[in-house]
Amino acid sequence: MIFTLAIGLTLALVLGILAQKLSLSPLVGYLAAGIIAAQPWWGLHVDEQMVEEFSHIGVVLLLFGVGLQFHFKDLLAVQKVAVPGAGVCIPLMAVGGMLMFRCFGMGEHGWLQGLMYGLCICVSSTVVLTRVLSDNKVFQTPAGHTALGWLVVEDIFTIILLVLLPAVFSGESLGMALLFMALKLAALIVVVALIGGKLIGKVLTLVSRSASGELFTLAVLVCALGIAVLSAYVFNASMEFGAFLSGMVVGQSKFANRAASDALPMRDAFAVLFFVSVGLGFNISGLVTYWPLALGTLLLCLLLKPIVAYLMTRLMGKPMRLALLVGGSLSQIGEFSFILATLIAGTYKMLPAEAANVITGVAIVSIVLNAALYRFVPKSADALEKRGIGLSAPEETDAVPPVTEARDRIIIIGFGPTGELIYNTLKPFDLDMVVIEMNIDTVNRLTAAGIPALHGDARSRTMLQAAGCEKAKGLIISAPAAPAQQITQAARALNPDVHVMVHTTYIRNVKTITQEGAQAVYSGEAEVAFAMTSHVLRALGATEEQVQQTRHQARRRFFGELKAEIGRVPEKI
């Protein structure tokens, strides 16, 4: 066991670092580590079964972590896109896979076997999607929530399929199997959400009072693994689905942040073993023999599914950027494809072993390509939007009064906690303020309260024009996650005299935003550092003059290189 873990993790570490140096996702290195570990070079046998078991723990813990960050309200918010989108995409992929199976290399088998093959390739990998979205800083965005909601629908479909397969091949009643499955899933959700929610909260509260970090870590692991096992062996659902539900429950509690940061130290290591196990099961000779089927299946994953996902997302009225990011994230297959292929080929003998190997090979290639190419999807969206393609049009512009000489127009982009505080602080002054916000619920709330607000993307010149940017005195980008560089560029093109103020999280963004013409850039990292050092100096007895002088000198030293590079420093950093 120790030999297997040492070989697998060491190769994953080395090749993961190498992949990152080559500007690829570390997932590529992990998959390569599995392929190399499977070779007979090591003198001792690498236990593939053990690696697979450990990787299953990693998948469970990873989906528990996903559930921590994905609240039930997020699922409800995307269900209008995820349910019909997945409902159309799944049958199209299944039919496409069936036709590929019959036309390229395995036509001697029947249509039922072809359908089984198609069902194996119609579900994307939650593990891969989560990692790719996180690596590209897209996970905590509307696109990330929509993609994950889509995957939840696909996972539920897989659970239904796993329940129906025994009924189909044993001659049981499909109606009764569906009824029992629905009742068990409903019971699982009720148990986890209601009973489990109260019990988990009490257990974590009790353990947290012990002031033992080890006990708290153990308690969270028990919650994750315990509900996963309950889901599989009592309710006949997947362990992954149960872990996801338990993560959502813990995520609603006051322990969400501590559980996410402190209680899952082994999660990433076990998750790495999932990708290593995928590489271990790969047999390249079988893939070469049936290369037409493999190539056709790969094209279905890389082209058909993303295109259908893009079109369905657009049909649901979502912007082009969100549709591109969702479609690009779904262009791969993973763990549920392996589970289905193993079950159908091994237990029910409804697929040849060669077909299962093709699915493994396509999964590896699709994961590698998805991880390597997804970083170009946001860049492509940016390039299209710079040409005015795919930007949201303003809605309800009548709610925004025209700019007058009586009051200065200030545009606030983003009405989160920072934007709301800015608005309330400036409210006593005689200013004409307009809000641009992407959340339609927030816009409706502001409009009902009599606050001029527009729903749309502030990168659009049409949107900025509707907000009165051409005659505005100031533009405040309050949301740190907003695309400040593009918004500043568009605003300055409309009104070179507008005073642009930007809130950004990272110091590294100050240079690019300043180059676009922002007069004031507030970096969260810098402001926190300066505020904390000022507090230390006051605590040590320094005068206010000394504090301000030291702070000013620190600013000049820290940002001196910026002035040398671009010729000026923003007024505030």
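For this chain, numbers begin at 1 and follow the sequence in order. Fair warning: this is a prediction, and the values are worked out from it, not measured in the lab.
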I need the Met316 CE to Leu311 CG distance, nearest 0.5 Å.
11.0 Å
So, does Ser124 use its side chain to make a donor-acceptor pair with the main chain of Gln332 at under 3.5 Å?
yes
For Ser125 against Leu151, the heavy-atom pair lying closest together:
C-CD1, 4.0 Å
Is there a donor-acceptor contact under 3.5 Å from the side chain of Thr488 to the main chain of Gly517?
no
A side-chain contact here means heavy atoms from C-beta on lying under 4.5 Å apart; do Met93 and Leu300 qualify?
yes
Contacts of type side chain to side chain contact (heavy atoms under 4.5 Å, CB included), residue Leu324, not counting sequence neighbours
Tyr310, Met320, Val377, Ala381, Leu384
Using side chain to side chain contact (heavy atoms under 4.5 Å, CB included) as the criterion, list what pairs up with Ile17, not counting sequence neighbours.
Leu13, Lys21
Closest non-hydrogen atoms of Pro483 and Arg459, given as atom of the first, atom of the second and distance, are CG-CD, 3.3 Å
Please report the interatomic distance CE(Met100) to CG(Leu298), rounded to the nearest 0.5 Å.
10.0 Å
If every non-hydrogen atom of Ala467 is compared with every non-hydrogen atom of Ile436, which pair is closest and at what distance?
CB-CD1, 3.8 Å
Over all atoms of both residues, closest heavy-atom pair of Val326 and Ser329
O-OG, 2.7 Å
Asp457 and Pro319, any side-chain heavy atoms less than 4.5 Å apart
no
Does the side chain of Leu295 reach to within under 4.5 Å of the side chain of Phe104, using non-hydrogen atoms?
no
For the pair Phe415 and Asn439, evaluate side chain to side chain contact (heavy atoms under 4.5 Å, CB included) and give the outcome as yes or no after the intermediate values.
CA-CA 9 Å; Phe415 205 76; Asn439 189 316; over 6 Å; no
Working to the nearest 0.5 Å, report the span between CD1 of Ile411 and CD1 of Ile477.
10.5 Å
Taking the side chain as everything from C-beta on, heavy atoms only, tell me whether Cys89 gets closer than 4.5 Å to Met312.
no
Distance from Met116 atom CE to Ile344 atom CD1, nearest 0.5 Å?
5.5 Å
Leu325 side chain reached by Tyr374 side chain, heavy atoms, under 4.5 Å:
yes
Could you list the residues that satisfy side-chain hydrogen bond (donor to acceptor under 3.5 Å, both in side chains) with Gln113, not counting sequence neighbours?
none
Residues two or more places apart in sequence or in another chain: which of them pass salt bridge (charged side-chain N to carboxylate O under 4.0 Å, His left out) with Glu154?
Lys305
Can you list everything that forms a side-chain hydrogen bond (donor to acceptor under 3.5 Å, both in side chains) with Thr297? Sequence neighbours excluded, please.
Tyr117
For the pair Ile36 and Leu15, evaluate side chain to side chain contact (heavy atoms under 4.5 Å, CB included) and give the outcome as yes or no after the intermediate values.
CA-CA 10 Å; Ile36 294 174; Leu15 296 176; 3.7 Å; yes
Among all residues two or more places apart in sequence or in another chain, which pass the side chain to side chain contact (heavy atoms under 4.5 Å, CB included) test with Asn509?
Thr504, Tyr506, Ile513
Anything under 3.5 Å between a donor and an acceptor, one on a side chain of residues 364-373, the other on a protein residue two or more places apart or in another chain? List them.
{"unit_1": "Ser366", "atom_1": "OG", "unit_2": "Ile333", "atom_2": "N", "d": "3.4"}
{"unit_1": "Ser366", "atom_1": "OG", "unit_2": "Val362", "atom_2": "O", "d": "3.0"}
{"unit_1": "Ser366", "atom_1": "OG", "unit_2": "Ala363", "atom_2": "O", "d": "3.0"}
{"unit_1": "Asn370", "atom_1": "ND2", "unit_2": "Gly328", "atom_2": "O", "d": "2.8"}
{"unit_1": "Asn370", "atom_1": "ND2", "unit_2": "Ser331", "atom_2": "OG", "d": "2.9"}

If we ignore hydrogens and angles and just use 3.5 Å, is the side chain of Thr313 paired with the main-chain N or O of Ala323 as donor and acceptor?
no
Which residue pairs pass the salt bridge (charged side-chain N to carboxylate O under 4.0 Å, His left out) test when at least one of the two sits in residues 90-100, sequence neighbours left out?
none
Report the C-alpha separation of Val14 and Leu18 in whole Å, then their side-chain angles, then the decisive distance to 0.1 Å, and conclude whether the side chain to side chain contact (heavy atoms under 4.5 Å, CB included) test is met.
CA-CA 6 Å; Val14 173; Leu18 179 61; 5.7 Å; no
Closest contact, heavy atoms only, Cys122 versus Phe157
SG-CE2, 3.7 Å
Using the test side-chain hydrogen bond (donor to acceptor under 3.5 Å, both in side chains), find all partners of Ser337 that sit at least two apart in sequence or belong to another chain.
none
Let's go through Leu475 and Leu464 carefully: what are the C-alpha distance in whole Å and the side-chain angles of both, what is the deciding distance for side chain to side chain contact (heavy atoms under 4.5 Å, CB included) to 0.1 Å, and is it a yes or a no?
CA-CA 10 Å; Leu475 184 142; Leu464 292 172; 4.0 Å; yes
Please name all residues satisfying side chain to side chain contact (heavy atoms under 4.5 Å, CB included) with Leu115, sequence neighbours left out, ordered by chain then number.
Met98, Leu119
From His455 atom NE2 to Asp441 atom CG, the distance as rounded to the nearest 0.5 Å
9.0 Å
Closest heavy-atom contact between Met438 and Gly456?
SD-O, 3.1 Å
Which distance, rounded to the nearest 0.5 Å, do you find between the CD1 of Ile90 and the CH2 of Trp150?
9.0 Å
